[in-house]
Amino acid sequence: MANDPITDSVLALLRKTDPAIAEIIANEARRQATTIELIASENHVSGPVMHAVGTCLTNKYAEGYPNARYYGGCIFNDQAEELARERAKQLFGAKFANVQPHSGAQANQSVMQAIFEPGDTFASLVLKDGGHLSHGMKINFSGRYFKPVHYPLHYEKSHPDYERIDFEATRKVCLEHKPKAILCGYSAYPRVIDFKKFREIADECGALLVADIAHIAGLVAAGVHPSPFPHAHIVTTTTHKTLRGPRGGLILTNDEELAKKIDRAVFPGAQGGPLMHVIAAKAVAFGEALKPEFKTYSKQIVTNAAALAAALKSHGYRCTTGGTDNHLMLVDLRARNENLTGSDAEKWLEGAGIICNKNGIPDDPRPPKVTSGIRLGTPATTTRGFKEPQMQQIASWIDRVLTAGLAGEAALAKTSGEVKAEVANLCERFPLPA
């Protein structure tokens with residue numbers, strides 16, 4: 001069984017009705033329980049959040065918004081969505097919230113549909129430097145139907161802000177191209193975002209400021225990262241990652257006219273019926289994040305990230321920007337050994353029970369499927385109760401496995417087996433939330 005009463009009860013039923021999918025779920029539950037999750041965009045939800053996702057709300061079509069549905073029978077769905085909205089507004093200090101987007105990318109799509117016409121220009125950080133595919137990647141809707149221009153990082157190694165946002169260059173890009181909006185907030189940026197500086201540039205060039213806080217939303221909610229409000233006109237986010245809710249999206253604003261445009265862009269502009277079971281789980285997660293213990297949890301995420309970055313540095317690795325202010329870090333593997341690649345590291349570490357993802361580093365000479373780095377995050381490990389000593393142990397395991405991988409297949413096989421057993425023992429001491 002999964003050592004999780006919710007999953008166990010589901011598996012007991014599925015083993016009778018669909019043993020094939022039951023086996024897959026059981027294996028995944030076992031994998032999560034016995035491995036260390038270091039993917040910065042993943043977390044482990046609470047039992048109540050998981051319960052809410054698996055309810056009868058999945059049966060209901062609720063196209064439209066509370067008290068303005070296109071189908072009957074939505075009275076309790078209205079109550080669930082209103083509760084999610086109110087908690088989201090309280091959590092982030094916003095006047096308007098749309099909890100219907102199915103994902104962060106769909107939240108961004110809806111915002112662009114609300115404020116842009118096809119071909120309009122917007123400014124963002126390019127994907128390879130830590131942006132997101134929905135911020136203007138050529139083959140994504142954001143790059144196909146709109147015109148992205150990109151602001152840079154500081155690329156000079158001698159610069160004190162090396163690999164951080166170059167605000168003077170950002171200002172020049174925006175004054176030259178006059179974008180309709182500036183996007184800030186990233187998928188692989190380890191430092192505090194200065195929303196005030198971005199707003200100053202937006203005001204100077206006549207743009208809206210859109211903050212995508214998908215990665216740092218939980219830290220913002222807990223007050224351990226500065227809020228994009230009052231500087232941002234619109235805020236988008238996912239509800240998983242540091243917020244520790246179900247997979248989904250959220251849009252916030254303090255502008256009533258923008259809120260109306262956003263609501264129309266989400267429905268009927270981008271999607272039909274909302275996922276009411278997921279919206280109910282969002283409400284549960286927002287309620288959890290409003291509790292004092294969530295602030296303690298979020299502070300520990302940041303403390304753990306700093307501890308992991310420092311421990312990796314002691315083993316000879318380099319973290320971009322020199323470290324981290326938030327929940328994630330980008331590790332430049334070449335500092336440890338020029339032959340190390342992100343793709344090898346991801347594969348080798350997974351074989352040892354440590355889950356991460358390969359990731360390009362700023363100005364990476366290697367292609368995206370290879371990369372020179374890995375991205376590591378601490379939300380999921382902190383959920384398990386890991387603290388600084390466990391971060392130091394993880395860094396030691398990472399170095400052992402990567403060193404063995406460079407030594408050859410026999411050394412890697414031996415070391416991976418040893419580390420995987422040690423990882424499983426640690427995970428048993430720090431079980432997943434029930």
Side-chain angles (χ1 to χ4, degrees), residues 1-15 17-18 21-33 37 39 41-63 65-66 69 71 73-88 91 97-107 214 217-218 221 236-251 266-267 271-291 294 297 379-380 383-384 431-434:
M1 301 296 265
N3 294 322
D4 164 16
I6 300 171
T7 303
D8 285 347
S9 64
V10 171
L11 289 174
L13 174 63
L14 283 175
R15 285 196 174 97
T17 60
D18 195 331
I21 198 68
E23 180 70 12
I24 292 169
I25 294 173
N27 287 338
E28 173 61 11
R30 193 176 301 110
R31 184 195 70 81
Q32 291 187 24
E37 181 56 76
I39 293 177
S41 52
E42 295 186 9
N43 210 329
H44 302 297
V45 301
S46 69
V49 169
M50 198 179 298
H51 262 305
V53 174
T55 61
C56 61
L57 290 171
T58 193
N59 297 333
K60 192 72 191 83
Y61 246 118
E63 284 191 348
Y65 290 100
R69 305 290 188 183
Y71 295 172
C74 289
I75 180 172
F76 302 115
N77 293 270
D78 287 356
Q79 291 173 9
E81 185 165 344
E82 286 285 21
L83 186 59
R85 281 175 165 181
E86 291 306 312
R87 287 178 176 176
L91 193 58
N98 190 307
V99 297
Q100 291 195 5
H102 300 334
S103 68
Q106 281 193 292
T236 66
T237 181
T238 56
T239 51
H240 43 289
K241 304 185 176 88
T242 53
L243 199 50
R244 204 165 59 179
R247 300 189 66 82
L250 170 68
I251 307 172
V266 173
F267 173 82
Q271 58 190 50
L275 306 177
M276 292 309 305
H277 56 303
V278 177
I279 288 175
K282 291 176 185 180
V284 174
F286 299 156
E288 292 176 349
L290 285 165
K291 296 177 179 177
F294 189 81
Y297 161 70
T383 293
R384 296 189 86 130
L432 296 179

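Computed over heavy atoms, backbone and side chain alike; hydrogens, waters and symmetry mates excluded. FYI, the numbering just counts along the sequence from 1. Treat the numbers as computed from the prediction; the structure is a model and nothing was measured.
- Residues satisfying the side-chain contact (heavy atoms from CB on, under 4.5 Å) criterion with Val278, sequence neighbours excluded, are Pro246, Leu275, Lys282.
- In this structure Thr58 satisfies the side-chain contact (heavy atoms from CB on, under 4.5 Å) test together with His277, sequence neighbours excluded.
- No side-chain heavy atom of Gln32 sits less than 4.5 Å from a side-chain heavy atom of Glu37.
- With rounding to the nearest 0.5 Å, the separation of CD in Glu23 from CZ in Arg15 is 7.0 Å.
- Residues passing the side-chain contact (heavy atoms from CB on, under 4.5 Å) test with Arg384, sequence neighbours excluded: His44, Phe386, Cys427, Phe430, Leu432.
- At distances below 3.5 Å, at least one donor-acceptor pair connects side-chain atoms of Gln271 with backbone N or O atoms of Gln100.
- Scored by the side-chain hydrogen bond (donor to acceptor under 3.5 Å, both in side chains) test, Glu86 finds Lys89 as partners (sequence neighbours excluded).
- Here the closest non-hydrogen pair linking Ala80 and Ala283 is O-CB, 4.4 Å.
- Considering only heavy atoms from C-beta on, Leu91 comes within 4.5 Å of Leu243 through its side chain.
- A heavy-atom distance below 4.5 Å is found between the side chains of Leu57 and Asn77.
- In terms of heavy atoms, Gly287 sits closest to Arg87 at N-CD, 3.9 Å.
- The side-chain tip of Arg244 does not point at the ring of Phe294 from less than 6.0 angstrom away and within 45° of straight on.
- In this structure, OG1 in Thr383 is found 12.0 Å from CD in Glu42, a value given to the nearest 0.5 Å.
- Side chain of Asn43 to backbone of Lys241: a donor-acceptor contact under 3.5 angstrom is found.
- Using a 4.0 Å cut-off between charged nitrogen and carboxylate oxygen, Arg31 and Glu28 count as a salt-bridge pair.
- Every side-chain contact (heavy atoms from CB on, under 4.5 Å) that His51 has, sequence neighbours left out, goes to Ile6.
- In this view, Tyr65 satisfies the ring-ring contact (aromatic ring centres under 6.0 Å, His included) rule with no residue, not counting sequence neighbours.
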Take Arg85 and Glu82 through the salt bridge (charged side-chain N to carboxylate O under 4.0 Å, His left out) test and state the conclusion after the steps.
CA-CA 5 Å; Arg85 281 175 165 181; Glu82 286 285 21; 3.6 Å; yes
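- For the pair Lys60/Cys74, a side-chain contact is recorded, criterion being any heavy-atom separation below 4.5 Å from C-beta on.
- Contact detail for Val49 and Gly245: the closest heavy-atom pair is CG1-C, 4.2 Å.
- Across all non-hydrogen atoms, the minimal contact from Ala52 to Ala281 is CB-CA, 3.7 Å.
- Taking CG of Asn98 as the reference point, atom CG of Leu250 lies at 8.0 Å (rounded to 0.5 Å).
- The minimum heavy-atom distance between Gly218 and Thr242, with the atom names listed, is N-OG1, 2.9 Å.
- With rounding to the nearest 0.5 Å, the separation of CZ in Phe267 from CZ in Arg69 is 9.5 Å.
- The CD1 atom of Ile279 lies 11.5 Å from the CG atom of Leu83; values are rounded to the nearest 0.5 Å.
- In this structure, Gln106 CD and Thr236 OG1 are separated by 12.5 Å, a value rounded to the nearest 0.5 Å.
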